[in-house]
Structure formats: structure tokens, C-alpha cells
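Positions are given from 1 along the sequence. These numbers were taken from a predicted model, which means no experiment stands behind them.
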Amino acid sequence: MSWPDVEFESLYVSPSRNGVYKPKEFHGRGCRIVNMGELFGYDFISNQDMNCLELSERELEANSLEDGDLLFGRRSLVEAGAGKCSLVVEPSSPLTFESSIIRVRLDKAAANPRFLYYYFLSPQGRGRVRSIVSGTNVKGIRGSDLKRLPVLRPPKVVQDEIADILSAYDDLIENNRRRMALLEESARLLYREWFVRLRFPGHEH
């Protein structure tokens, strides 16, 4: 079964937008701001600790993030960072994004944001993004090129099914990662107890 390609912009609910830049005196207070560090560090942007930026109500309205927004690295010193895609997932407090990031807000009646996120992780999706990367020392993409990018568009019901299946695998991987972290911490505590504090079994004798 084959599905058609469409221009990415045809799935937008509003034009894509570059993030906000403000001088240093506005940093350290206000709403959380997604920087390139978060974009590199997290595939899903939600309620992580972040730096803060003071914005007016009008600025926040124009530059806010909401559940389902796709974020793309607009410029990066590392080629892999140019066009890197992350997904905003149910932020519990106001959230904005910096000027090196492009926000894409999709028409959810036509496109499942999580499906598009997984698409841009796929070899085909990454290959298409790489085709619009330009620059020598600093690699980057432009919103004008991103909107014309051809993307796969299965029927919406198929998008939903694919997104649900892949999300289930992501949840399983995350649960296993947390279990491994707990086991590693238990091993560190046991090592410290036995070999640093010398409180191993039978140490009283």
C-alpha cells in the first residue's frame, strides 16, 4: 500500500514561526523557554526544568507552545542538530521557545502530530530534512524550505493507529529505562555500604 506525499505546509493550522529573542535583562524570570539544549536533550518537551524568560502577554500569545506543536532546530553548529524535531506534550505551565527553533502547529483534524514526529525520526523523514540543510560553519534550515517539504500523509485513522503503536513502545522503553536507573542506584548504594562503609554481611565479626 502506498500513501501520497503532500507539502508540509498543507497540514499547518497557522504559519510556522521562529522563536523569540530578548536581551539578558529579561532572562531568569517569567515563563519557561525551550532552548537548543532541551531540543537536543529531549524528544518530548513537557515539564522539564528550563531557563525562564519574561514576556508580555502579547509576546507570550504569539510565541507560546501547546500540546502537539512540533519544534525544529533552525540552526546548529552540529549538522545533526539542524532540523532536529521534538514534540511538545501537555505542558502544565506557559512555555515559549528561542530564536534558533521553528514552531510548526498542525491542523489536528488532518494530521496527528505524534505521527509526524515519528515520521521525522524515520530514515525517510530525516533524509528529506537533510535535503534542505544549508550552511558551512553553522548548519541550518529555513521555515520557507520546511513548509515546502514533501511529507507522507496516510489517512488520519492510519496516522492515529501508527502513532498509538509507536507510543506504546516508547512508554515501554521509558519504563525499562527507569527500572534500569533504579537498579543502577541500588547497586551504587550497595557498593558504598559494603566496600566504603564496610557494612557488608557479617561485618560485626
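Remark: the backbone N or O of Ala62 is paired with a side-chain donor or acceptor of Arg17 at under 3.5 angstrom. A donor-acceptor pair under 3.5 Å is absent between the side-chain atoms of Glu66 and the main chain of Ser64, judged by distance alone. Under a 3.5 Å cut-off, the side chain of Glu38 and the backbone N or O of Met50 do not form any donor-acceptor pair. Using modelled atom types, no side-chain atom of Arg29 and backbone atom of Cys52 make a donor-acceptor pair closer than 3.5 Å. The backbone N or O of Pro150 lies less than 3.5 Å from a partner atom in the side chain of Arg128, making a donor-acceptor pair.
Within 6.0 Å of atom CD in Glu57, 12 or fewer heavy atoms from other residues, nucleotides or ligands are found, so the atom counts as exposed in its surroundings. Around the CD atom of Glu61, the shell of radius 6.0 Å holds no more than 12 heavy atoms that belong to other residues, nucleotides or ligands. Around the CZ atom of Arg126, the shell of radius 6.0 Å holds more than 12 heavy atoms that belong to other residues, nucleotides or ligands.
The distance from the CG atom of Leu39 to the OG atom of Ser86 is 4.0 Å, given to the nearest 0.5 Å. Put simply, CD on Glu25 and CD on Glu54 are 10.0 Å apart, with the number rounded to the nearest 0.5 Å. Here Asp67 contributes atom CG and Arg105 contributes atom CZ; the two are 10.5 Å apart, rounded to the nearest 0.5 Å. Atoms CG and CZ, on Leu11 and Phe115 in that order, are 10.0 Å from each other to the nearest 0.5 Å. We find the CD1-OG distance between Ile162 and Ser167 to be 11.5 Å, quoted to the nearest 0.5 Å.
Counting heavy atoms from C-beta on, the side chains of Asn18 and Ser99 never come closer than 4.5 Å. Here the side chains of Tyr12 and Glu7 are not in contact, with every heavy-atom distance at 4.5 Å or above. Residues Tyr21 and Ser100 form no side-chain contact, since every pair of their non-hydrogen atoms from C-beta on lies 4.5 Å or further apart. The side-chain heavy atoms of Val20 and Glu59, taken from C-beta on, include no pair separated by under 4.5 Å. Side-chain contact check for Ser144 versus Glu9: every heavy-atom pair is 4.5 Å or farther apart. Residues Ser131 and Leu149 meet the side-chain proximity criterion, which asks for heavy atoms closer than 4.5 Å. Residues Arg75 and Lys139 are not in side-chain contact: their nearest non-hydrogen atoms beyond the backbone lie 4.5 Å or more apart.
Of all non-hydrogen atoms in Val34 and Ile101, the two that sit nearest each other are O-CD1, 3.5 Å. Scanning all heavy atoms of the two residues, the minimum distance from Leu65 to Asp69 falls at CA-OD2, 3.4 Å. Minimum interatomic distance between Leu95 and Ser46 (heavy atoms only, all atoms of both residues): CD2-O, 4.2 Å. The two residues Val89 and Arg114 have their closest heavy-atom pair at CG2-NH2, 3.8 Å. The two atoms that bring Ala82 and Ile141 nearest to each other are C-CG2, 4.5 Å, heavy atoms only. Here the shortest heavy-atom pairing between Pro94 and Cys31 reads O-CB, 3.6 Å.
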- prompt: Would Thr96 and Asn63 satisfy side chain to side chain donor-acceptor pair (under 3.5 Å), going step by step from the backbone distance to the final call?
  reply: CA-CA 6 Å; Thr96 188; Asn63 298 285; 5.4 Å; no
field: Full working for side chain to side chain contact (heavy atoms under 4.5 Å, CB included) between Phe40 and Ser76
entry: CA-CA 10 Å; Phe40 285 142; Ser76 172; 3.5 Å; yes
message: Working note: Arg32 + Ile45, criterion side chain to side chain contact (heavy atoms under 4.5 Å, CB included); need CA distance, chi angles, decisive distance, verdict.
response: CA-CA 11 Å; Arg32 293 178 303 138; Ile45 306 293; over 6 Å; no
- prompt: Going through the distances and angles, do Arg153 and Asp5 end up as a side chain to side chain contact (heavy atoms under 4.5 Å, CB included)?
  reply: CA-CA 6 Å; Arg153 189 192 178 187; Asp5 284 340; over 6 Å; no
Test log, rule side chain to side chain contact (heavy atoms under 4.5 Å, CB included), inputs Arg103 and Phe97: CA-CA 8 Å; Arg103 180 194 72 191; Phe97 59 110; 3.4 Å; yes
With a 3.5 Å cut-off and sequence neighbours excluded, list the donor-acceptor pairs that the side chains of residues 154-161 form with protein atoms.
{"from": "Lys156", "atom 1": "NZ", "to": "Asp160", "atom 2": "OD1", "distance (Å)": "3.1"}
{"from": "Lys156", "atom 1": "NZ", "to": "Asp160", "atom 2": "OD2", "distance (Å)": "3.3"}
{"from": "Gln159", "atom 1": "OE1", "to": "Asn112", "atom 2": "N", "distance (Å)": "2.9"}
{"from": "Gln159", "atom 1": "NE2", "to": "Ala110", "atom 2": "O", "distance (Å)": "3.4"}
{"from": "Gln159", "atom 1": "NE2", "to": "Pro154", "atom 2": "O", "distance (Å)": "3.0"}
{"from": "Asp160", "atom 1": "OD1", "to": "Asn112", "atom 2": "ND2", "distance (Å)": "2.8"}

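The ring pair (Phe, Tyr, Trp, His ring centres under 6.0 Å) check on Phe120 picks up Phe8, Phe72, with sequence neighbours excluded.
When hydrophobic clusters are built by joining Ile, Leu, Val, Met, Phe, Trp and Tyr residues whose side-chain heavy atoms come closer than 4.5 Å, directly or via intermediates, Leu70 is grouped together with Leu146.
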